[in-house]
Engineer: 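Before we start, here is the structure in question, set down as structure tokens.
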Amino acid sequence: MKLIWAHPEGISSREIYANPDFHQEQGTKSAILFKINEKGYVKTVQQGRHHIYYPLFSQQEYEQALLKQQLENSLGNSSFLDLVASFCGKSHLTKKQEERINQLLEDIKNDCSTE
């Protein structure tokens, strides 16, 4: 995906296969490209014998999706509030605690957007 993100205007499968930083065998490269397309992370357009790959998600969005999936797989839930409750040794938070956490997250988000 890093190679595709580096080319938001699109990158051909020929360029991907030829890239020296992508060390896998061609069959492995093809399988990886197929999987990221199948999962909806890229858009592909066939151009002759090759495909052009366009990223549909930013790197940050992609990493957030992976983290969410990992949380669901390991904890059975990806809710941030449930995760905080788990860290505190609780099964759930009170409504007041949820509101405080949501306000804190909103404050953090606003601070980040003003920087």
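Hydrogens, waters and symmetry mates are skipped; everything else that's a heavy atom, side chains included, is used. All residue numbers refer to positions in the sequence shown, counting from 1.
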Engineer: Looking at every non-hydrogen atom in both residues, tell me the closest pair between V45 and Y54 and how far apart they are.
Structural biologist: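 Scanning both residues completely, I find the closest heavy atoms to be CG2-CE1, 3.8 Å.
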Engineer: To the nearest 0.5 Å, tell me how far N19 CG sits from R14 CZ.
Structural biologist: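 Between N19 CG and R14 CZ, I get 13.0 Å after rounding to 0.5 Å.
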Engineer: Tell me, with the steps shown, if I16 and I11 meet side chain to side chain contact (heavy atoms under 4.5 Å, CB included).
Structural biologist: CA-CA 7 Å; I16 293 171; I11 183 169; 3.9 Å; yes
Engineer: Does anything in residues 5-26 form a ring-ring contact (aromatic ring centres under 6.0 Å, His included)? List the pairs, not counting sequence neighbours.
Structural biologist: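 Output for this query lists W5-Y62.
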Engineer: Can you give me every donor-acceptor pair (side chain of residues 36-44, partner residue at least two apart or in another chain, under 3.5 Å) with its distance?
Structural biologist:
none

Engineer: Is the CD atom of Q46 crowded by more than 12 outside heavy atoms at less than 6.0 Å?
Structural biologist: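 Buried by this count: over 12 neighbours within 6.0 Å.
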Engineer: Name the atoms and distances for all side-chain donor-acceptor pairs under 3.5 Å in residues 99-106, with sequence neighbours left out.
Structural biologist:
| residue | atom | partner | partner atom | Å |
| --- | --- | --- | --- | --- |
| N102 | ND2 | E98 | O | 3.2 |
| Q103 | NE2 | D107 | OD1 | 2.8 |

Engineer: Give, for atom CD of Q59 and atom NZ of K2, the distance between the pair rounded to the nearest 0.5 Å.
Structural biologist: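 Going from CD on Q59 over to NZ on K2, the span is 6.0 Å.
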Engineer: Following the transitive rule for hydrophobic clusters with a side-chain heavy-atom cut-off under 4.5 Å over Ile, Leu, Val, Met, Phe, Trp and Tyr, establish whether I32 and L56 coincide in one cluster.
Structural biologist: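 Per the 4.5 Å side-chain linkage, I32 and L56 are co-clustered.
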Engineer: With a cut-off of 3.5 Å and sequence neighbours excluded, list every side-chain donor-acceptor pair involving residues 87-96.
Structural biologist:
| residue | atom | partner | partner atom | Å |
| --- | --- | --- | --- | --- |
| T94 | OG1 | Q97 | N | 3.1 |
| T94 | OG1 | Q97 | OE1 | 3.3 |

Engineer: Look at the side-chain heavy atoms of Ile, Leu, Val, Met, Phe, Trp and Tyr, link any pair under 4.5 Å apart, and say whether F34 and L66 land in one connected group.
Structural biologist: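 As far as the 4.5 Å side-chain criterion goes, L66 and F34 are not connected within one cluster.
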Engineer: Is it the case that the side chain of S30 and the backbone of Q26 share a donor-acceptor pair, with hydrogens and angles ignored and the cut-off at 3.5 Å?
Structural biologist: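 Yes, S30 side chain to Q26 backbone: donor-acceptor pair under 3.5 Å.
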Engineer: Backbone N or O of H50 within a donor-acceptor pair of the S13 side chain at under 3.5 Å?
Structural biologist: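 Judged by distance alone, no pair lies under 3.5 Å.
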Engineer: Report yes or no: do I52 and F57 belong to one cluster of Ile/Leu/Val/Met/Phe/Trp/Tyr joined by side chain heavy-atom distances under 4.5 Å?
Structural biologist: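 I52 does not cluster with F57.
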Engineer: Not counting sequence neighbours, which residues clear side-chain hydrogen bond (donor to acceptor under 3.5 Å, both in side chains) with E15? List them please.
Structural biologist: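 Partners of E15 by the side-chain hydrogen bond (donor to acceptor under 3.5 Å, both in side chains) criterion, ordered by chain and then number, come out as S12.
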Engineer: So does Q47 have more than 12 non-hydrogen atoms from other groups sitting under 6.0 Å from CD?
Structural biologist: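 No, because the 6.0 Å sphere around CD of Q47 holds 12 heavy atoms or fewer from other groups.
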Engineer: Sequence neighbours left out, what passes side-chain contact (heavy atoms from CB on, under 4.5 Å) with Q60? Give chain and number order.
Structural biologist: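 Q60: side-chain contact (heavy atoms from CB on, under 4.5 Å) contacts with S58, Q64.
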